[in-house]
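Okay, handing you the structure first.
Residue numbers start from 1 in every chain, and the chains themselves are labelled A, B, ... in the order their sequence lines are given, proteins ahead of strands.
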Number of protein chains: 2
Amino acid sequence: MTNTTLKLLAQQLQLSISTVSRALKDHPDISASTKEKVNALAQSLDYEPNAYAIQLRTQSSKILGVIVPAISNLFYDSFISAVEEESRKNGYALMILQSSNNTENELNNLKIFRQNRVSGVFACLSTSIENIEVYHKMNEREIPVVFFDIVPKDNRFTKVRMADERCAVIAAEKIIQRNAKRVLAIFGDEGLSISQKRKSAFQNFMQSYSPKTHCTYFHAKSSKEAEDLFLKQASKVQKADTVFCMTDEVLIGVMKAVQALEIKVPHELGIISISNGFIPNLYHPHISYVETSGFELGKLAFVQMMANMKGGKTLTELTVDAKFVEGGSM
Amino acid sequence: MTNTTLKLLAQQLQLSISTVSRALKDHPDISASTKEKVNALAQSLDYEPNAYAIQLRTQSSKILGVIVPAISNLFYDSFISAVEEESRKNGYALMILQSSNNTENELNNLKIFRQNRVSGVFACLSTSIENIEVYHKMNEREIPVVFFDIVPKDNRFTKVRMADERCAVIAAEKIIQRNAKRVLAIFGDEGLSISQKRKSAFQNFMQSYSPKTHCTYFHAKSSKEAEDLFLKQASKVQKADTVFCMTDEVLIGVMKAVQALEIKVPHELGIISISNGFIPNLYHPHISYVETSGFELGKLAFVQMMANMKGGKTLTELTVDAKFVEGGSM
DNA sequence: TAAAATATTACAAACGTTTGCGACAAAATT
DNA sequence: AATTTTGTCGCAAACGTTTGTAATATTTTA
């Protein structure tokens, strides 16, 4: 069965294509009576406008692109979820591609976006950073780019991200409030700037406000690494009374070790992490965490995208603030 | 800056549009020398074919639609991840929409798909089932639909799903092997057919092969429900020595209770679940589970989609088999 | 009643491709 | 030398819209 088009409607109604087109969009030029007829027929033949033809004609698509390192990721999928929700409300559809943290994929994805003439892209940089030029190419083509989470330094772009340093500082505050003596702080992949930022913020805060607290710092790239690391530390004579986990990955590893060693939380060990909340709430007691909501970030990113598309350039770096969520682990 | 088009290339090279078009796709009619020239210019002006124009002309898009209840879901995101990977390899891009288990959204999403003339859609039914007619509309328009996970009974469609009954049977086998005396079996939402199927398969198997084993059956819609349920059961005199968790949700709830009660796994309690593996591996010891891989399901779904698009109708219901993964909880 | 204003509809070009067919030359065949 | 084949390339239509402008009919105004 062939799709019904304006032409078909026009023929059946003995009208011109343009009249039909205008009738369907309630154009004032068209009389009420023909509008009725047109709508009735369109309904019964269930006419659906061909998005491609529209986009070709109007040179603007109702599609937004999203590039994430991975879709199966606790943080990103809540981001996507939020963006999708907002997009749908505003008549946009999403095209989601994953880079798998691979530059080649990322470039490929961008090409697909350009070829599909998306009207904007949300991008989370893959960890290899040399490839920012391509994003300029997008801007040249007047395709706004909103970076999220892992953003470039270049301030010619619009960026939204979590208040990374704040997260670490809030965690440090709580640790000090708890009156911790020996702290084990495990951060994420040392190569990522986000790890560095959070680490130095944490370190500085601890230094300034509680220099007597003994802190040891580590990095872990995977939950396995974090688990091994914690096990090793736990076998030492001077055990930590508090552990800070920068990421969900780290927390997962630590928790496995904690369960294996049957350490009592929070009596023997206080735990605090940075997370969107899903993982921390898997345990008993719930782990206290500083919340970084991909959901809110998504909402914010969408607002920025709209601003970019409507008005002129809004080159800003916005951050969504973090808040502490009390579990029972501190 | 305006996008470079075939027309532009043609003008600059003093060639016709058709020649340029053919040159770019290595058509045998075109001489090697002009192919070179065309490619060179296309390269330097970084020409990108306009997907809309192509799709309008060829009446076939390189876009596949995916409808999932929710993107942020351990199972679905691995499905999406797999489909995305396969799609990219085959030159397709994905348009992902979430129904939020809401019929209205689902219909809306389908409309978007039709308007964007996607060349196929992967759909997971939202739990309200009356709306299958729309999918017939898709088929009438020759847009193949591949259902996954939650599929309609109607066998005019192509379906892929997990071997639901098998999963439950495998779990039952393992429970019998363990020589369990008292089993607590907690299934998912009673309203879902998948819960019913798994339950009766489990029940039948236990009846047939180990009638002496004492089993109690429950349903839980959320992890909180499962947690409360387990807590209540654990306070009884006759405690279960084995618990079966049909879903991740259930497992999460049970594990919270288990941790709260400081029950020793597997000595005091054996645990087995059905899962894709993420949640079970969060605990120590790892929870044994029957694997249902969204990933494999995604791969399978894609193959079916391609078959549907190429050849004629392949109306089959395929299932991906399940396998037992040993953790330390049994 | 003629002129002007308004209401309603139609025409046609354009968006950027693809593709069947025809045009023309050069090369090969008779 | 006349004819056929082959190699290159261009013309033009089509995909389904949108939209500026022209055309016609109807009403209002002077």
Side-chain angles (χ1 to χ4, degrees), chain A residues 1-39 41-42 45-63 91 111 114-119 141-142, chain B residues 1-39 41-42 45-63 91 111 114-119 141-142:
Chain A
M1 176 188 140
T2 171
N3 279 320
T4 75
T5 67
L6 288 185
K7 189 199 244 177
L8 187 71
L9 295 180
Q11 283 173 345
Q12 302 224 3
L13 292 167
Q14 296 279 50
L15 286 171
S16 78
I17 294 177
S18 51
T19 302
V20 175
S21 172
R22 289 190 169 103
L24 286 172
K25 18 179 54 76
D26 207 19
H27 193 284
D29 270 9
I30 308 300
S31 73
S33 67
T34 67
K35 273 180 194 169
E36 255 181 64
K37 284 185 227 153
V38 171
N39 280 312
L41 188 64
L45 264 55
D46 46 31
Y47 166 75
E48 313 246 12
N50 184 319
Y52 296 139
I54 295 175
Q55 284 148 357
L56 179 58
R57 170 62 222 237
T58 63
Q59 299 286 53
S60 84
S61 79
K62 282 293 209 174
I63 296 181
K111 183 189 278 187
R114 284 194 304 269
Q115 294 187 351
N116 280 286
R117 305 294 194 268
V118 297
S119 45
R141 308 210 171 180
E142 283 162 10
Chain B
M1 176 188 141
T2 173
N3 278 321
T4 76
T5 67
L6 287 185
K7 189 199 241 177
L8 187 72
L9 294 181
Q11 283 172 344
Q12 300 224 5
L13 291 167
Q14 297 280 52
L15 287 171
S16 78
I17 293 177
S18 51
T19 301
V20 174
S21 172
R22 290 190 170 102
L24 286 173
K25 18 178 55 77
D26 207 19
H27 193 285
D29 268 11
I30 309 300
S31 72
S33 68
T34 65
K35 274 180 192 169
E36 256 181 64
K37 283 187 225 150
V38 171
N39 280 313
L41 188 63
L45 264 55
D46 44 33
Y47 166 76
E48 312 246 10
N50 185 320
Y52 296 138
I54 294 175
Q55 284 148 356
L56 179 58
R57 170 62 221 236
T58 62
Q59 299 288 54
S60 85
S61 76
K62 283 293 209 175
I63 297 181
K111 184 189 279 188
R114 284 194 304 268
Q115 294 187 350
N116 281 284
R117 304 294 192 271
V118 296
S119 44
R141 308 211 171 181
E142 284 163 8

Could you give the CD1-to-C1' distance, from B/I17 to C/dG20, as a whole number of Å?
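After rounding, the reported distance stands at 16 Å.
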So which of residues 28-39 of chain B are in contact with DNA chain C, with a heavy-atom cut-off of under 4.0 Å?
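Hits under 4.0 Å, by residue number: none.
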The side chain of A/A53 lies closest to which of these nucleotides: D/dG16, C/dG20, C/dG16?
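Nearest listed nucleotide: D/dG16.
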Value in whole Å for how far the P atom of C/dA10 lies from NE2 of A/H27:
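Atom NE2 in A/H27 sits about 14 Å away from atom P in C/dA10.
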B/L24 vs B/L6 side-chain heavy atoms within contact, under 4.5 Å
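The answer is yes; the side chains approach within 4.5 Å.
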From D/dT17, C/dT19, C/dT17, pick the nucleotide closest to the side chain of B/S18?
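Output: C/dT19.
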From CG of A/L15 over to P of D/dA25, roughly how many Å is that when rounded to an integer?
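Interatomic distance, CG of A/L15 to P of D/dA25: 16 Å.
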Starting at CD of A/E142, measure out to CG of B/N3 and round the result to the nearest 0.5 Å.
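Spacing of CD (A/E142) from CG (B/N3) equals 9.0 Å.
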Hey, is the side chain of B/Q59 poking within less than 4.0 Å of OP1 or OP2 on D/dA14, counting only N and O atoms?
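Indeed not, no polar side-chain atom of B/Q59 lies that close.
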Heavy atoms only, 4.0 Å cut-off, all strands: where does A/Q14 land among base, sugar-phosphate and nothing?
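Here A/Q14 touches the backbone only, sparing every base.
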Of B/T58 and B/R22, whose nearest nucleotide on DNA chain D comes first from the 5' end?
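The residue mapped nearer the 5' terminus is B/R22.
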What distance separates B/K62 NZ from B/Q55 CD, expressed to the nearest 0.5 Å?
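So the gap between those two atoms works out to 10.0 Å.
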Calculate the interatomic distance between B/L56 atom CG and D/dA13 atom C1'; express it in whole Å.
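My rounded result for the distance is 13 Å.
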From D/dT19, C/dT17, C/dT9, pick the nucleotide closest to the side chain of A/S21?
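It is D/dT19.
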Whole-Å distance separating the NZ atom of B/K25 from the P atom of C/dT17:
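The answer, rounded to whole Å, is 9 Å.
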C/dG16 phosphate, OP1 or OP2: any side-chain N/O from B/T5 under 4.0 angstrom?
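It does not, given that no N or O in the side chain of B/T5 lies less than 4.0 Å from OP1 or OP2 of C/dG16.
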Within this structure, what is the CG-to-C1' distance between B/L13 and D/dT8, rounded to whole angstrom?
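Spelled out: CG on B/L13 to C1' on D/dT8 is 15 Å.
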Strictly below 4.0 Å: does A/T19 bring a side-chain N or O up to OP1 or OP2 of C/dA10?
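Looking at the OP1 and OP2 atoms of C/dA10, one of them is under 4.0 Å from a side-chain N or O of A/T19.
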Does a side-chain N or O of A/Y47 approach OP1 or OP2 of D/dT17 to a distance below 4.0 Å, or not?
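For A/Y47, the contact criterion (side-chain N or O under 4.0 Å from OP1 or OP2 of D/dT17) is met.
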When the distance from CD of A/Q55 to C1' of C/dA14 is rounded to whole Å, what number comes out?
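Taking CD of A/Q55 and C1' of C/dA14, I get 16 Å after rounding.
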Between the main-chain N or O of A/R117 and the side-chain N or O of A/S61, is there a donor-acceptor pair closer than 3.5 Å?
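At least one qualifying donor-acceptor pair exists.
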Do B/I54 and A/Q115 come within less than 4.5 Å of each other through their side chains, counting heavy atoms only?
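No, every pair of side-chain atoms sits at 4.5 Å or beyond.
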B/Y52 (side chain) donor-acceptor with A/N116 (main chain) under 3.5 angstrom:
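Yes; judged by distance alone, with no hydrogens or angles, the pair exists.
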Whole angstrom value for the distance that separates P of C/dC15 from CG of A/N116
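So the CG-P distance, A/N116 to C/dC15, works out to 20 Å.
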side-chain hydrogen bond (donor to acceptor under 3.5 Å, both in side chains) contacts touching residues 20-30 of chain B (sequence neighbours left out):
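For residues 20-30 of chain B: B/D26-B/K35.
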